[in-house]
Each structure stands twice: as structure tokens, then as C-alpha cells.
Amino acid sequence: FAKTAAEELKAFRWGKALPDASEGAILWEATDKHDPRKRRTGIAILMKAWEKLAESFLGHLGRLELEAVVSSPDFNEDLFEQLVAIVKTVTNTEWARLGEIGTE
């Protein structure tokens, strides 16, 4: 990995990656249930929790050590399921925007 997992997560967190929506840049799109700010808040809260776990999790995952992932005392199945659910909601436009952020 070019960046550490914690750096990747910090870049992913809206508040670190982009200026506030009042400055014109909006990363997240509205959904049927949430406006962009609510999505940002929900994702930011989850990413804050993942910052503490990411280094170990992504290290094991990158080496395809799946047994080590689930047997790690740091692994939290509930947080993992929340992460998967969030990732599934990210649109192609949002992925493109995240890619642009990572190239800075």
C-alpha cells in the first residue's frame, strides 16, 4: 500500500477530504432517505470507529489472511457489517470523486 490504512481512512472521511459543503464541494449525493450532510455525518462516524481497527484489518485482508481477520480481537462483526452496508450505497459518481481526492 502506498498509504497506511489510517491515512486512507482519514482521506475517506468527508471532513478531512473536502471543504465543508458550504464552500461548494459536495462529495456525497442525496438518497431517498438522507441528504448529503446526513450521509456525510453517518459515514464520518463509522470511519472514526474504523480508524482504530483499519491498520490490522487491512493488513490481514491485503495478505488474504482471512482467518486472522475474523479471529483478531480487534475484529468487530457489527462494524464490519456497517462498513459493507455503507460501501454498497456508494455510487459510481461518489467513487469517482473519492478517486480524485486520492490523487491530490
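Sequence positions, counted from 1, serve as the residue numbers for this chain. This one's a predicted model, so the numbers in the text were calculated from it and none came from an experiment.
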Novice: Going by heavy atoms in the side chains, are I86 and M47 under 4.5 Å from each other?
Specialist: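 No, their side chains stay 4.5 Å or more apart.
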
Novice: Any side-chain heavy atom of E29 within less than 4.5 Å of one from R97?
Specialist: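 Side chain of E29 against side chain of R97, heavy atoms only: contact under 4.5 Å found.
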
Novice: If you measure from CG on L46 to OG1 on T41, what distance do you get to the nearest 0.5 Å?
Specialist: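 OG1 of T41 is found 12.5 Å from CG of L46.
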
Novice: Mind checking whether F57 and W50 have parallel, tilted or perpendicular rings, split at 30° and 60°?
Specialist: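 F57 vs W50 ring planes: perpendicular.
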
Novice: Please examine the side chains of V69 and F80, heavy atoms only from C-beta on, and report whether any two atoms are closer than 4.5 Å.
Specialist: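 Not touching, per the 4.5 Å side-chain cut-off.
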
Novice: Is there a side-chain contact between L61 and L66, using heavy atoms and a 4.5 Å cut-off?
Specialist: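 Result yes, sub-4.5 Å side-chain heavy-atom pair found.
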
Novice: Verify the cluster assignment for V90 and I45: are they in a single hydrophobic cluster under the rule of side-chain heavy atoms below 4.5 Å apart?
Specialist: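 Shared cluster, no.
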
Novice: Could you tell me whether a side-chain N or O of S72 sits under 3.5 Å from a main-chain N or O of A68, the two making a donor and an acceptor?
Specialist: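 The answer is no, because no donor-acceptor pair under 3.5 Å joins these two groups.
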
Novice: Mind checking salt bridge (charged side-chain N to carboxylate O under 4.0 Å, His left out) for E94 and listing every partner two or more places apart, or none if nothing turns up?
Specialist: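 By the salt bridge (charged side-chain N to carboxylate O under 4.0 Å, His left out) rule, E94 matches R39.
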
Novice: For the atom pair NZ (K52) and CG (N76), what is the distance rounded to the nearest 0.5 Å?
Specialist: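 CG of N76 is found 11.5 Å from NZ of K52.
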
Novice: Might you point out which heavy atoms bring D35 and A30 nearest each other, and give the distance in Å?
Specialist: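 In terms of heavy atoms, the two residues are closest at CA-CB, 4.2 Å.
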
Novice: Could you tell me which residues satisfy side-chain hydrogen bond (donor to acceptor under 3.5 Å, both in side chains) with Q82, sequence neighbours excluded, listed by chain and number?
Specialist: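 side-chain hydrogen bond (donor to acceptor under 3.5 Å, both in side chains) list for Q82, sorted by chain: D78.
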
Novice: Report, as yes or no, whether the 6.0 Å neighbourhood of atom CZ on F75 holds more than 12 heavy atoms from other residues, nucleotides or ligands.
Specialist: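 Result for CZ/F75: enclosed.
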
Novice: Got a second to check how far T93's OG1 is from L27's CG, nearest 0.5 Å?
Specialist: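 Rounded to the nearest 0.5 Å, the OG1-CG separation comes to 10.5 Å.
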
Novice: Heavy-atom distance under 4.5 Å between the side chains of T31 and T89, does that happen here?
Specialist: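 No, side chains not in contact.
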
